> 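Take a look at the following structure, please.
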There are 2 protein chains.
Amino acid sequence: MATQPTRADARGNRARILEVAEEVFGRGGSAASTEEVARLAGVGIATVFRHFPTKQILLEAVLVRHFDRLCERARSLAESDDPGPAFFGFFGQIVADAAGKLAIIEAFTDAGGDVGGNAAQGPRDLREAVGVLLRRAQDAGAVRTDAGLDEVHALLVGVSRAVAHIRLDERARARALEIVFDGLAPR
Amino acid sequence: MATQPTRADARGNRARILEVAEEVFGRGGSAASTEEVARLAGVGIATVFRHFPTKQILLEAVLVRHFDRLCERARSLAESDDPGPAFFGFFGQIVADAAGKLAIIEAFTDAGGDVGGNAAQGPRDLREAVGVLLRRAQDAGAVRTDAGLDEVHALLVGVSRAVAHIRLDERARARALEIVFDGLAPR
DNA sequence: GCATATACGGAGTGATGACTTCGAATATAC
DNA sequence: GTATATTCGAAGTCATCACTCCGTATATGC
């Protein structure tokens with residue numbers, strides 16, 4: 001069930017459902033309906049549930065791919081020998097992408113406190129990866145040393161949510177980012 | 001209907017419903033159910049709908065009070081002869097209050113673009129009032145002059161949303177605010 | 001006290017959304 | 001080509017939620 005089904009039509013449908021779900025959940029967040037996914041994918045509602053037994057599982061299938069991709073990028077940036085731009089570039093990219101990725105932001109929001117525990121793996125890994133970028137940028141003197149992961153995570157999620165919910169033009173978004181980046185600069 | 005009903009029990013119920021609704025919508029946002037309001041207020045569902053014909057009207061009744069209060073505070077701060085602390089203090093207070101006021105943040109999020117038009121009056125007024133505080137703080141040299149209302153509004157909403165959604169301890173919240181405030185300081 | 005207008009609440013209604021059932025269609029093995 | 005195991009989708013179930021109906025209870029004016 002987690003692997004590809006044997007029949008070609010089933011495999012095709014599964015792929016199309018995943019693709020459409022990514023767009024639908026990105027637009028409407030986790031509250032978007034499974035029926036809309038089915039309709040846009042051109043399949044019956046039952047087909048969606050056959051491939052992904054619950055809405056939660058479908059949602060996670062979509063999210064896992066994103067978080068994997070993001071984590072990978074973060075880890076490769078962590079090897080960069082320019083930790084400052086690596087950190088700020090990653091931060092900026094997540095915010096820039098936030099507009100059409102509501103479900104991701106929602107999931108990432110709950111990546112929170114070590115004690116929380118009910119966060120999924122993907123969000124937690126990403127938070128971790130951001131932590132590495134942050135520490136390296138701090139060691140390189142590009143980010144103030146009194147900024148902890150908790151507040152950087154909150155700012156990242158906050159600005160992303162703002163961008164996702166408010167229709168902000170290019171220039172305003174750039175200035176909002178600049179304000180946060182200046183605030184993160186060493187004193 | 002907008003005014004107090006004549007019978008004492010009706011007046012009492014109306015007040016209790018408003019009080020409970022404030023708490024329920026604050027906790028669960030505008031998605032919270034009318035039935036929960038009725039249950040916690042100790043009245044039947046019909047009583048809620050008699051006093052507030054639709055959920056939207058109930059929600060607005062709750063929100064109007066808040067926005068009025070906030071706008072008033074903002075306007076009185078705008079008379080202060082210390083525009084810098086007035087602006088930052090107000091910003092910080094909204095963020096600090098955000099935790100239990102999900103519905104407010106949601107409404108304020110949509111106060112956006114002048115063109116938007118579908119935002120309610122309260123949120124738009126508050127945005128306006130923040131604009132006044134911002135301009136005065138800029139004139140006094142306490143806030144960088146290249147920060148526009150659009151991005152300040154986005155940051156205010158973003159940080160508030162982050163605080164409302166993430167369980168952030170006192171210290172982390174203070175540092176997140178400090179980062180944003182430092183970013184807003186003149187270059 | 002009594003009459004009655006006012007307000008009350010429980011039991012609907014209709015819409016929506018997650019999830020299931022089951023007979024029809026079809027891809028693949030032979 | 002045919003058999004059959006697999007997959008398909010329309011219609012149905014069940015829960016939730018906004019909102020309504022209507023018979024019952026009670027606050028208030030006399």
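Treat the numbers as computed from the prediction; the structure is a model and nothing was measured. In what follows, chains are A, B, ... by sequence order, proteins preceding strands, each numbered from 1.
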> Could you please name the option among D:dC19, D:dC8, C:dT20 that lies closest to any side-chain atom of B:Thr54?
D:dC19
> Any salt bridge between B:Glu22 and B:Arg65, counting N to O under 4.0 Å?
yes
> Give every residue pair that meets the salt bridge (charged side-chain N to carboxylate O under 4.0 Å, His left out) criterion with at least one member in residues 154-166 of chain B, sequence neighbours excluded.
none
> Taking atom C1' of C:dA18 as reference, at what distance in whole Å does atom CZ of A:Phe49 sit?
5 Å
> Nearest-Å distance, CD1 (B:Ile17) to C1' (D:dC19)?
15 Å
> Run the side-chain donor-acceptor check on residues 177-187 of chain B: report pairs under 3.5 Å with partners two or more places apart or on a different chain.
unit_1   : atom_1 : unit_2   : atom_2 : d
B:Glu178 : OE2    : A:Arg144 : NH2    : 2.9
B:Asp182 : OD2    : A:Arg144 : NH1    : 2.9
B:Asp182 : OD2    : A:Arg144 : NH2    : 3.3
B:Asp182 : OD2    : A:Arg187 : NH1    : 3.0
B:Arg187 : NH1    : A:Asp182 : OD2    : 3.1
B:Arg187 : NH2    : B:Ala185 : O      : 3.3

> Please figure out whether B:Ala46 or A:Gln56 has its closest DNA chain C nucleotide nearer the 5' end.
B:Ala46
> When A:Leu133 is tested against each of A:Phe88, A:Phe90, A:Phe91 for side chain to side chain contact (heavy atoms under 4.5 Å, CB included), which residue passes?
A:Phe90
> Could you tell me whether B:Gly12 contacts a base, only the sugar-phosphate backbone, or nothing, with contacts defined as non-hydrogen atoms closer than 4.0 Å?
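Counting heavy atoms under 4.0 Å across all strands, no contact is made by B:Gly12.
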> What side-chain donor-acceptor pairs closer than 3.5 Å can you find for residues 26-42 of chain A, not counting sequence neighbours?
unit_1  : atom_1 : unit_2   : atom_2 : d
A:Arg27 : NE     : A:Glu23  : OE2    : 3.0
A:Arg27 : NH2    : A:Glu23  : OE1    : 3.4
A:Arg27 : NH2    : A:Glu23  : OE2    : 3.4
A:Ser30 : OG     : A:Glu106 : OE1    : 2.6
A:Ser33 : OG     : A:Glu36  : N      : 3.1

> Identify which nucleotide among D:dG9, C:dT28, D:dT20 has an atom closest to any side-chain atom of A:Ala8, counting heavy atoms from C-beta outward.
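For the A:Ala8 side chain, the nearest candidate turns out to be C:dT28.
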> Could you please spell out the steps behind the side-chain contact (heavy atoms from CB on, under 4.5 Å) verdict for B:Phe67 and B:Gln121?
CA-CA 9 Å; B:Phe67 279 114; B:Gln121 196 59 42; over 6 Å; no
> Test: side-chain hydrogen bond (donor to acceptor under 3.5 Å, both in side chains). Region: residues 77-103 of chain A. Which pairs qualify, not counting sequence neighbours?
A:Arg73-A:Gln93
> Rounding to a whole Å, what distance do you find between B:Phe25:CZ and D:dA18:P?
8 Å
> Would A:Ile166 and A:Ile105 show up in the same hydrophobic cluster when neighbours are defined by side-chain heavy atoms closer than 4.5 Å?
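Different hydrophobic clusters.
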> Rounded to the nearest Å, what distance is computed from the CZ atom of residue A:Arg39 to the P atom of nucleotide D:dA10?
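Checked: the CZ to P distance equals 13 Å.
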> What integer distance in Å separates A:Arg14:CZ from D:dT6:P?
17 Å
> Could you tell me the separation between the CZ atom of A:Arg50 and the P atom of C:dT21, rounded to a whole number of Å?
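It works out to 12 Å between those atoms.
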> Nearest whole Å is fine: how far is D:dT6 C1' from A:Asp9 CG?
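So the CG-C1' distance, A:Asp9 to D:dT6, works out to 8 Å.
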> Please determine if a side-chain N or O atom of A:His51 lies less than 4.0 Å away from the OP1 or OP2 oxygen of D:dC8.
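So the side chain of A:His51 is within the cut-off, an N or O lying under 4.0 Å from OP1 or OP2 of D:dC8.
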> Could I get a table of every N or O pair under 3.5 Å where one atom is in the protein and the other is in nucleotides 4-6 of chain C?
unit_1 : atom_1 : unit_2 : atom_2 : d
C:dT6  : O2     : B:Arg7 : NH1    : 2.2

> Measure the spacing between CG of A:Leu156 and CG of A:Leu126 and express it to the nearest 0.5 Å.
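A:Leu156 CG to A:Leu126 CG: 7.5 Å, rounded to 0.5 Å.
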> All N/O contacts under 3.5 Å from nucleotides 15-17 of chain C to the protein, with atom names and distances to one decimal?
none

> Among D:dG9, C:dG9, C:dA27, which nucleotide sits nearest the side chain of B:Thr47?
C:dG9
> Please state how far atom CG in A:Asn13 lies from atom C1' in D:dT7, giving the value in whole angstrom units.
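The distance from CG of A:Asn13 to C1' of D:dT7 comes to 9 Å, rounded to the nearest Å.
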